[in-house]
Amino acid sequence: MRDDRQQKVSASHLKRNAYLYVRQSSLRQVFENTESTERQYALRQQAIALGWSVEQVIVIDTDLGQSGASSIDREGFQRLVAEVSLGKAGIVLGLEVSRLARNSTDWHRLLEICALSDTLILD
């Protein structure tokens, strides 16, 4: 029997890329909390297990060491929002989705865009 995650993934999702967003709040966390960073990168395997090819899994990790308080200085988050807005994303993966944005406005905007573009979110 397929699990709930697999049931939600459709052929239209798999035609688009999977975007894995990796972030730590500070450079200190990047160097001291390596297990968290490794767990985030390991989500790539979740996308592959759900049916995306290795080439379709796009890792966005340019915001490592940057606070999630605002999206203004986070190129990676801005790229993620743009890709989802353009309909290029079938799924967005992140460990503890709060890493995507600590600012509720940024997080809710991304959620709304995901809903409008039929993009899944895996936490």
With Ala89 via side chain to side chain contact (heavy atoms under 4.5 Å, CB included) - residues at least two apart: Tyr19, Val84, Thr119
Suppose we screen for side chain to side chain contact (heavy atoms under 4.5 Å, CB included). Which residues come up paired with Leu86, at least two apart in sequence or across chains? Lys88
Residue pair Tyr41 / Asp61, side-chain donor-acceptor N/O under 3.5 Å: yes
Exercise: do Arg79 and Tyr21 side chains pair donor with acceptor under 3.5 Å: no
Those residues that, when tested against Glu55, pass side chain to side chain donor-acceptor pair (under 3.5 Å) (two or more places apart): Ser53
Contacts of Ser85 meeting side chain to side chain donor-acceptor pair (under 3.5 Å) (sequence neighbours excluded), chain-then-number -> none
Taking atom [atom1] of [X] and atom [atom2] of [Y], what is their separation to the nearest 0.5 Å?
X: Glu83; Y: Leu80; atom1: CD; atom2: CG; value: 8.0 Å
X: Gln40; Y: Leu95; atom1: CD; atom2: CG; value: 5.5 Å
X: Leu14; Y: Leu50; atom1: CG; atom2: CG; value: 8.0 Å
X: Leu20; Y: Gln46; atom1: CG; atom2: CD; value: 10.5 Å

For residues Leu122 and Val92, determine if any side-chain heavy atom of one lies less than 4.5 Å from a side-chain heavy atom of the other. no
Heavy atoms, side chains only, cut-off 4.5 Å: are Val81 and Ile113 in contact? yes
After noting the C-alpha distance and the side-chain angles of Leu120 and Val9, does the key distance pass the side-chain contact (heavy atoms from CB on, under 4.5 Å) rule? CA-CA 8 Å; Leu120 301 172; Val9 176; 3.8 Å; yes
Mind listing the closest non-hydrogen atom pair of [X] and [Y] along with its distance?
X: Val57; Y: Arg44; result: CG1-CG, 3.6 Å
X: Leu93; Y: Ala18; result: CD1-CB, 4.0 Å
X: Glu75; Y: Thr62; result: C-OG1, 4.2 Å
X: Ile48; Y: Val54; result: CD1-CG2, 3.7 Å

Any donor-acceptor pair under 3.5 Å linking the side chain of Asp63 with the backbone of Phe77? yes
According to the salt bridge (charged side-chain N to carboxylate O under 4.0 Å, His left out) rule, which pairs have a member within residues 113-122, sequence neighbours left out? Arg16-Asp118
